[in-house]
Amino acid sequence: MAVPAIELKNITKKFGCIIANNNINLTVNKGEILALLGENGSGKTTLMNIISGIYFPDGGQIFINGKETVIRSPKDSFDCKIGMIHQHFKLVDVFNAAENIILGLDDGKYNLKEATNLIKKICIQYGFDIDPEKKIYDMSVSEKQTVEIIKVLYRGADILILDEPTAVLTPQETQKLFAVLRNMRNDGKSIIIITHKLHEVLSISDKVAVLRKGEYIGTIETKDANESILTEMMVGKKITLNIDRTEPKDTADRLCVKSVSLINRNGVKVLDNIDFTAKSGEILGIAGIAGSGQKELLESIAGLQNVDSGDILYLNPKTGNNESLKGKTPVQIHQLGVRLSFVPEDRLGMGLVGNMDIVDNMMLRSYKKGKSVFLERKDPRKLAHKVIDSLEVATPGASTPVRRLSGGNVQKILVGREIEASPTVLMAAYPVRGLDINSSYMIYNLLNEQKEKGVAVIFVGEDLDVLLDLCDRILVLCGGKVTGILDARKTTKEEIGILMTGKKLKTDDNANGGE
Amino acid sequence: MKNFITNARKTSFHISKRSKSALPTWKAWTIRIVSVIISLVVCSLIIVLLTGQNPLEVYSAMIKGSFGSERKFLVLIQNTAILLGISLAVTPAFKMKFWNLGAEGQVLIGGLCCMVLMFKIGDKLPNSVLIITMLISSILGGIAWGLIPAIFKAKWNTNESLFTLMMNYIAIQLVSFAIMVWVPSGSSVMGLVNASSRAGWLPDLFGKKYIINIITVAVLTAVMYVYLKYSKHGYEISVVGESENTAKYIGINVKKVILRTMIFSGALCGLVGFLLVAGTNHTISKELAGGNGFTAIMVSWLAKFNPITMVLTSFLIAFLQKGAGEIATSFNLNTSIAEILTGIIIFFIIGSEFFINYEIKKTKKEAD
């Protein structure tokens, strides 16, 4: 009765020493929708890229319709009737829908009329609503997505992979998409859908497979699942990390973010009425699925983005005055006497200059000092040696270009520089991403030292175990909104997981860590 | 368990960027020298196949044409100085990743500005005052031509390559227009201006022409080296060029840096225009810059924006240009063959940078 369309057995993929997929097993039957669930970095996208021929696995087997198959390239994947709909659309803007759909098809003919008719047939069959002659640049995001889906159907795909298709859709559009997906399932197609949203998983899928940190956790029938079971599978049991966390001492309000909203260039509200206070002598963690507004929030505070409404107040410990940082540039913020350090997510693209050496990177913040038109490299050189020695940076010397260093050492240079500016507020976005255990612990210790010195630390992280063990309070973001502020000593991974997916906690017992 | 990895990949080599440690300097220079030798061998083949001449004779003619007499050598150095001057002028813009393709026009307009003064009021001012006003007007002209595209880039993010390129044509047309108005016979060639009074001509030093040009560019080279490496402005240019996000993150006003740098770049181009008109040609034509505005881009890139290395690269290119012209006349060859040879040599020199930055590795057969 249940015929497997695609079966993965013991798929393993490594990038350097990082294991992205470890012995993954997965089966999707014909006429079935499988939801693939997992946090950021759990290996979902890697796995799907393996199926669609973008990556080649280091080990394991793939069976298509019961036959072992080697997928070496996207073309091989096509030939197995696998079609992937990426998060970022790959369409030619100045072509219309039909032209985009037949683009690159090598069947020896170019018959737009025939193609248009076939597209219309597909639309009727599955309930799509699209005009094949409409230009892409006139289309909404959901229409573009429809074109991408028709594109793979037109090529005869029987197995469809959708990478977070609902992330860009409104709830109404999502419902429409789901109706279409159900029609396709009833037609015997197999669908794999990647999503973070638990209620969508429960409403659309037949089975749910869960990945966590590259490991395959298991597959359950959707009818046996509920949100708490899925959350637990996704986040796993709490692991104790032995990070030395001291009790916050002499806390005082330092940074007040009041009803801040920000609309990005595409008209999307990336920050929606954000309210929180960061206190001195405490680490405030920020949790959330990637792209929930973490980057925009930190950049707004640092003066790199102009917020549309609300206010950001800095309570100066020296003068006791409230300074508004809203609408100020980084230089103006510095001139106000606000000692704000920021370790951005994009280390080499923003925090450092890859082609410059360590000394020149050290003076990025301070090169303007003094009236001379010439640079003063003596102090930055001293600082560079100090950071190299104290943080044990592995480098041939202080005049080595930063891009030649390994990820952990690059991060030490960046964090070292930001801490040496003796900040009162320290913001760090994913400071341990891609770092090995030792470097990670060094960063945790540095953040803790800053906290003990009375700095207000804001830590954006993705590993919930780290957030729970390092931070004092955890603010959870979802879709640009604050869904909760929790006491890190009392809360659980499940609670954070639920808030991350946009659900409210049932009992408000724990939400009092906030104010 | 059966493993399907064996023989999955078909190619037997792949190209990768040299990562951890760059090539040691001597190895890099060996690659460069070897590539020049190979290019000379290829050129020899082309010469024999296309013209039947003895390649060694052709090469020796090239060398004689540049070093054969004191005058020839002085001309070579003067050509080098002009090319180097323009290369220095475009370097800060290129380092900032502002693709200034308008050096040709900026030089031309600088030349035109001082020619107006030289031609119109050459006999009304004492020579020293005249030369200083000419210098200032050239610099202002160059600034205008550099600043206009920069303003549009900073304000409306227009494409600077197209904009600066189009400014070239405006400058060319302005010069054509001026010559048409000034030369009554309707000839498109303007003769030497103030040939008898020598008003507005840069004086000869040590009894030789071009010495002032050469000294000016030499000073400029040192100034540019210090500016880019040791000044705060130079530092800002590097940061903006490497990553605009970093520049914003540390609070550099990117627009201000773009405008300031293009003022500087345009001013230097204008200055070279002045040197060409007052120091070298004492006349003006559409070919004042002679394509050096574009060649300078290559000189600057080949030297990786290092002003000191640019002395070498500009000398090399000036030598090739001069030698190519020389063999064209002495062997009665078409100038195209000379340009083909220059092209081949430059192709190999640029190609050698690929082997310095990348390595070709044999793909290891993956074991099962």
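In what follows, chains carry the letters A, B, and so on, assigned in the order in which the sequence lines appear, proteins first and then strands, with residues in each chain numbered from 1.
- Of the two parts of A/Lys369, only the backbone, made up of N, CA, C and O, holds a non-hydrogen atom closer than 4.5 Å to a non-hydrogen atom of chain B.
- Around the NZ atom of A/Lys295, the shell of radius 6.0 Å holds no more than 12 heavy atoms that belong to other residues, nucleotides or ligands.
- No other option in A/Ala302, A/Gly303, A/Pro344 has as many heavy-atom pairs under 4.5 Å with chain B as A/Pro344.
- Note that the CG atom of A/Asn355 and the OG atom of B/Ser243 stand 11.0 Å from one another [nearest 0.5 Å].
- Of the possible polar contacts, none joining the B/Lys232 side chain to the A/Leu375 backbone as a donor-acceptor pair under 3.5 Å is found.
- Distance check, rounded to the nearest 0.5 Å: OG1 of A/Thr329 to CD1 of B/Ile252 gives 12.5 Å.
- No hydrogens or angles considered: a donor-acceptor pair under 3.5 Å links the side chains of B/Glu236 and A/Tyr367.
- The residue among A/Ile333, A/Val353, A/Leu348 with the most heavy atom pairs within less than 4.5 Å of chain B is A/Val353.
- Distance CG/A/Leu352 to CD/B/Glu242: 12.0 Å, rounded to 0.5 Å.
- For B/Tyr249 (side chain) and A/Pro330 (main-chain N/O), no donor-acceptor pair under 3.5 Å exists by modelled atom type.
- For the set A/Glu376, A/Lys368, A/Met350, the count of heavy-atom pairs under 4.5 angstrom toward chain B peaks at A/Met350.
- The 12-atom threshold is not exceeded at NZ of B/Lys229, counting heavy atoms of other residues, nucleotides or ligands nearer than 6.0 Å.
- Atom OG1 of B/Thr246 sits about 9.0 Å away from atom CE of A/Met356, to the nearest 0.5 Å.
- Note that OH of B/Tyr235 is 3.5 Å distant from CG of A/Leu364, once rounded to the nearest 0.5 Å.
- The aromatic ring centres of B/Tyr230 and A/Phe374 sit 6.0 Å or more apart.
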